[in-house]
Each structure stands twice: as structure tokens, then as C-alpha cells.
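The first residue of the sequence shown is numbered 1, and numbering continues consecutively from there. Both backbone and side-chain heavy atoms feed into the values below; hydrogens, waters and symmetry mates do not. Counting starts at 1 for both ligands and their atoms, following the listed order.
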Amino acid sequence: MLFTTAAARLTRATITRRGFTSTSALNGVPTVHYDHFASGWNENDEPYTEGKFHIETFNKISPLGLARFPPANYEIAEDYPKNNAHAILLRSHKLQESEVDISVRAIARCGAGTNNVPVARMTQLGIPVFNTPGANANAVKELVLCGLFLGSRRLVDGINHMKKLGEEGLQKERVEKDKAMFGGREIAGKTLAIIGMGHIGAATAREASALGMETVGYDPGLSIESALKLPRQIQIMDSISSAVAKADYISLNIPYIKGEGGTHGIIGKEVISHFKDDAVLLNFARGELVDSEAMKEFLDRGDGRYISDFPDDLLWDHKNSILLPHLGASTEEAEETAAAMAADTIQSYLEHGTVQNSVNFPAAALPERQKGSIRITVVNKNVPGMLATISDVFARHKINIQQQINCSRGDVAYNVIDIDPVVEGAEEINLKDLQKELTMHEGVLSSRLIFGMAGAGYARNIDASHEPP
Ligand SMILES: NC(=O)c1ccc[n+]([C@@H]2O[C@H](COP(=O)([O-])OP(=O)(O)OC[C@H]3O[C@@H](n4cnc5c(N)ncnc54)[C@H](O)[C@@H]3O)[C@@H](O)[C@H]2O)c1
Ligand SMILES: O=C(O)CC[C@@H](O)C(=O)O
């Protein structure tokens, strides 16, 4: 792609013995994205709003959360022209790879579950995916508690019956006789099994215990933070089956993970065979965790109940199920907290390279960069020798590294490097060339220059399977 003359002039920021050549050159940190495809180094000079990050939103995101983005540096829109968005903010929208432009550096889910984002592919492309742990947990916990009551008393049937009687003008006449049809049981003294004792599960266990329930739990990845929130009396079990076998109520609070070793249909025939006949399953996690056929067989037997926050083609009209339209996190408070947390996370990644609350990147935070220094972040495949390769680029140009951090997680490694622009005895080096040299290494996925104008200086080493637009 062609540079405009102005853009070409702006990219001539150089590191010299004296540092940057002039103040205008400081502003000259690249204003375009550099994209290195299998075929070579291409440049993309889309018309960004100068100096602003573009945040693209999907779904309705709380305006109070969005207000965390200072308008001086950020612009927010539901749709940007191609290759104009720098970050994506979404809720339950099922994000397609084609919606992630080459300019996108980060994706944040205002919520807990990231199964609507192609996370594995984003990792291959060097793009961090963030979520907002715990931000909506109180809202979901409250609805799980509501689910306990919906499952123990025939409230929905009773409400519908009253409407019918009202239409017939028979309410007062029939109510006392008919109420026998809608009897229930109390939750105090009953046992609740919590599958997944994270933010929602642990809080639910605590409240259920306060309501007089016995609690048992299963979570092989229980964190210390969550363990500290559990009621003292909770009994920790070593399998889902042993937990559900004891339970009158079961609350499912685990992530949905597709594929081998994942959680698809984890509540299937085998686990359900351990349910008590009149067990109530509360699913406020994800519909796909439950095998609908097996659940239908269980409900058909007559005494069990299924309360879920998700649609189900087979169970939506079953007399023993109650399905809600994914309302768990739909409170003003949760929407605001989740959006604010996602906005803060995105800002601190875009402005400082800090990674927190990512589901595919390692946590990484370097102290604030020194005045005048340049921060460079590099995402690379987590294979041996990459740190040496990256450091070598700076060493070759006699560039002094002021501070740096290298962290890895699974297939990906992330570096944050602050360099000194004053390079004694070095030849002149153009920042753009430096970035190109770093980014075009086999194994480097992307790099950013965090310096100067918002929205500038991103490069992606796009693999052969991802065609340039
Ligand atoms: N209905 C809604 O609107 C709504 C809102 C928020 C979250 N959710 C769902 O609830 C899930 C849990 O949310 P959270 O905030 O508590 O997440 P969390 O990450 O705090 O807790 C999840 C817990 O599940 C455990 N876990 C994972 N796999 C497990 C398995 N196979 N068996 C037992 N435990 C397992 C983890 O170790 C972790 O402690 C989310 O992943 C999301 O899918 C739904
Ligand atoms: O955004 C929502 O309404 C739902 C969020 C919820 O499913 C989550 O996983 O946090």
C-alpha cells in the first residue's frame, strides 16, 4: 500500500546518538500498521482518527463502563471501516475471525465466559483475549438462589395458573382449592452440590449455607482465593458423581470448553445416573454443559427439575424445566462493573502493554517507563531461543534495554521491553526498521511501539493461512 507524503515523513523517527532527531520526529512514531505476511512486509495506512484508539463494540455495553475511556484518546463505535478498530469489546456476541481486523490488538469480554471468542486462533495471531473475573458473580449468584426457590416451589406453574383463573374471573373462588396442586418443599436442611467453586460457585455455597443448606463441592482447580470464601462446613468431594449423589440441588458453575478434555455435555447419562430421583439441576453456566437427551430422560421420569439460563431445543417446553433467556448477568450493577473492568483492562494493555485478566496470555506488568523511553512489546511463539533472538536485535544496534519482562503461557510468550532512545556510538536506526527487524523473525507474532500517539505502531507477523485483506 502507498504512503501519503505526510505519513512517509512522519515515519522517519530515528534513534541516534543524541536520541530522537527532533520534537516533530517524536510525534513521528509510525502512524500506520505494518503487516508482514508470508510474502513480505506490507503496510496498511488506513485513515485512523489521528492519535485515538478505536474501540469497536458488539452487544449493548454499559455506557457507564464505556465512560472509562477518556474521549481525548479513545473513540467508541459499533462498526468501524475495515482495519480501523484497535480493540474489541463484547458480551455474548459469537465473534468470528473475519470480524477481527488486522489492526485489532486486543479483545475483551465483559463477562466471565469466553467460549464465544475463537481464543485458540487469537493466540496464534498474537492477540490477547481478556475477561472480567468476578465482575458479574453477585448477579449470577442471586439468580442461582432464585433458581433454588423456583426449583423447590412450583412458583412458575402457580403464577401461570393465577393468570388463567384471572382471565376466567375465578381467582377468588378457586385459589384456596387449587393451591394444593402447587405444593413444594423447603431448601433448609437440604444438600446443595456446587460443581465449580470459582467466583459464582463459592459465593453461592456461602449464601446457601447461610440459608440452612448443607453444601458439598467439586472443583479440581479450586483457587486459594475461592477456597477462602467457602463456608467452613462445606464437604469437598473428589468427583462430580460423588458430589451429585449426595445432592437435592446441584449448581453448575464451570466454564464451557469445547474439544478433547473439555466440558461439553459433562452432565450426561453417566453423571445423571448418580442424581437422586427428585434432584434439581441449576445451570447458570452454559447450555452446552448439559446433554439435553440425557436430561430429558431424567425429567421424563417425573420428579426431577431443570432450571437453566439458556435455550434448549429439546427441553424448552418440558413441564419439569424452567428456562430463562440468559439473564444471569443482566443487572445494572453487573453490566456496569463488567464493562468498567473490561475498559480498564483494555486501556492498560493499549497504553502500557500490561496484561491482566487474560484467558490466553500470561500476566505481565512492567513498572512505568522512564520519561522519554520507548516501550516495545513483542508477542512470540513459546519456543526455545526466542528471548535471545529478540534481545540480539537490540544488542546488534547497541540499544540499551532499561527494563524488560518475559512471561509465557502455553504456546505464547510476551515481552515488554523499555529501551533508551539515547544510543551511544550507535548508527542511526529508524524505529520502523527496528520494528520490522523484530517482527519479521520466524516465531514472532506481533509487536507494538508504545510511545507517542495512540493507535500507532502495531505490526503483525501474519501466518500464511491468514490472507491479507
Ligand atoms: N448466566 C450468566 O449470565 C453467566 C454469568 C457469568 C458466568 N457464567 C458462566 O459461569 C461460569 C463460571 O463463572 P465464574 O465467574 O464462577 O468463573 P470462575 O473462573 O471464577 O470459576 C470457575 C470454576 O470452575 C472450576 N472448574 C473448571 N472446570 C471444572 C470441572 N470440569 N469440574 C469442576 N470444576 C471446574 C474452575 O477451577 C473454577 O474454580 C463461566 O465460565 C460462565 O460460563 C454465566
Ligand atoms: O453478558 C451477558 O449478559 C452474559 C455474561 C455471562 O454469560 C458471562 O459469561 O459472564
task: Look at ligand 1 and say whether I266 reaches it with a heavy atom at a distance under 4.0 Å.
output: yes
Provide the number and element of each atom of ligand 1 under 4.0 Å from a heavy atom of [X].
X: D309; answer: 1 (N), 2 (C), 3 (O)
X: P220; answer: 32 (N), 33 (C), 34 (N)
X: V140; answer: 4 (C), 5 (C), 6 (C)
X: G198; answer: 16 (O), 20 (O), 21 (O), 23 (C), 39 (O)
X: Y218; answer: 32 (N), 33 (C), 34 (N)
X: G221; answer: 37 (O)
X: A329; answer: 3 (O)

query: For F53, is the NZ or CZ atom of R105 found under 6.0 angstrom from the centre of its six-membered ring and inside 45 degrees of the ring axis?
result: no
- prompt: Nearest protein heavy atom to atom 5 (C) of ligand 2, by residue and atom, and its distance?
  reply: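 The protein heavy atom lying closest is R109 NH1, 3.4 Å.
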field: atom 1 (O) of ligand 2 - nearest protein heavy atom and its distance
entry: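 Protein heavy atom at minimum distance: R91 NE, 2.8 Å.
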Have a look at [options] and point out the one with the heavy atom closest to [atom].
atom: atom 8 (C) of ligand 2; options: G328, P255, A112; value: A112
atom: atom 13 (O) of ligand 1; options: N283, I200, V144; value: I200
atom: atom 25 (C) of ligand 1; options: I240, T114, D219, N115; value: D219

message: I'd like to know if the side chain of R154 reaches the main chain of G158, judged simply by a donor and an acceptor atom lying under 3.5 Å from each other, with no hydrogens or angles considered.
response: no
For ligand 2, does [X] get within less than 4.0 Å through its side chain, its backbone, both, or neither, judged by non-hydrogen atoms?
X: H326; result: side chain
X: N59; result: neither
X: R286; result: side chain

Salt bridge check, [Y] against [X]: does any charged N sit closer than 4.0 Å to a carboxylate O?
X: K190; Y: E214; value: no
X: E288; Y: K258; value: no
X: D291; Y: K269; value: no
X: E225; Y: K229; value: yes

- prompt: Can a protein heavy atom be found under 4.0 Å away from atom 1 (N) of ligand 1?
  reply: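 Protein heavy atom within 4.0 Å of atom 1 (N) of ligand 1: present.
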query: Under 4.0 Å from any heavy atom of G113, which atoms of ligand 2 are there?
result: 8 (C), 9 (O), 10 (O)
field: Contact (N/O only, under 3.5 Å) between T263 and ligand 1
entry: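 Not met; the criterion fails.
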